[in-house]
Amino acid sequence: MAERRKTVRKKKDPDAPKRSLSAYMFFANENRDIVRAENPGISFGQVGKLLGEKWKALTGDEKVPYETKAETDKKRYEKEKAEYAKKNGA
DNA sequence: CAAGTGATTGTTTCT
DNA sequence: AGAAACAATCACTTG
């Protein structure tokens, strides 16, 4: 039962090592300027949905650069989490 | 050991 | 500043 939680984050750890980004975040970074450039004046609902469709529209090979970054970003989180756990006292 | 759970990430646009 | 569609995530927690 994992429903869609929206920006309604709860309380968490004292340091909150956040997590890492998603391939979508990297992909969106490149699409935001492109999608919006092709659809000048479209509402967020259009870009948002349109983006998601195209996201998968590419192919595992196309999202490769995004996934790659996602992995790197994850490592980033691993570090903060390590420090967080460490300073916590674990 | 295994499973699921929740929290989070970033974009866009809008008020 | 936050909210919602869009997708991934995936490390952490727990029985």
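Because the structure is a prediction, the values reported are computed rather than measured. Side chains included, hydrogens not; waters and symmetry mates left out as well; all remaining heavy atoms used. Numbers restart at 1 for each chain; the letters A, B, ... are given by sequence-line order, proteins then strands.
Hydrophobic clustering keeps A:Leu51 apart from A:Phe44 (ILVMFWY residues linked when any side-chain heavy atoms are closer than 4.5 Å, directly or through intermediates).
DNA chain C is contacted by both A:Ala70 and A:Gly52; A:Gly52 maps to the nucleotide lying nearer its 5′ end (nearest heavy atom per residue). Comparing A:Lys49 and A:Lys63 against DNA chain C, the residue whose closest nucleotide sits nearer the 5' end is A:Lys49.
Look at CD on A:Glu53: it is 8 Å from P on C:dA7, rounded to the nearest Å. The interatomic distance linking A:Glu80 (CD) with C:dT9 (C1') rounds to 14 Å, in whole Å. Here C:dA11 presents its C1' atom at 16 Å from CD of A:Glu71, a figure rounded to the nearest Å. Rounding to whole angstrom units, CD1 of residue A:Ile34 and P of B:dG10 are separated by 19 Å. The CZ-C1' distance, from A:Arg76 to C:dC10, rounds to 17 Å in whole Å. At whole-Å resolution of the value, OH in A:Tyr24 and C1' in C:dC10 are 19 Å apart. B:dT11 atom C1' lies 15 Å from atom CD of A:Gln46, rounded to whole Å. Taking atom CZ of residue A:Phe44 and atom P of nucleotide C:dC6, one finds them 8 Å apart after rounding to whole Å.
For the residue pair A:Glu80 and A:Arg19, the shortest heavy atom distance occurs at OE2-O, 4.1 Å. The nearest pair of heavy atoms linking A:Ala70 to A:Ser22 is CB-C, 4.2 Å. A:Asn29 and A:Arg32 get closest at one heavy-atom pair: O-NE, 2.7 Å.
Of the candidate nucleotides B:dG10, B:dT11, C:dC12, B:dG10 has the atom lying nearest to any side-chain atom of A:Met25. Residue A:Lys81 has its side chain nearest to C:dA11 when only C:dC6, B:dT12, C:dA11 are considered. Across C:dA4, C:dC10, B:dT11, the shortest atom-to-atom separation from the side chain of A:Ser20 is found for C:dC10. The A:Trp55 side chain lies nearest to C:dA8 when the options are C:dC12, B:dT11, C:dA8.
One cannot find a donor-acceptor pair under 3.5 Å joining the base of B:dT9 and the side-chain atoms of A:Arg19.
Of the residues listed (A:Lys63, A:Lys69, A:Glu67), the one engaging A:Phe26 in a side chain to side chain contact (heavy atoms under 4.5 Å, CB included) is A:Lys69, and it is the only one.
Counting any heavy atom pair closer than 4.0 Å across all strands shown, A:Leu50 reaches no nucleic acid atom.
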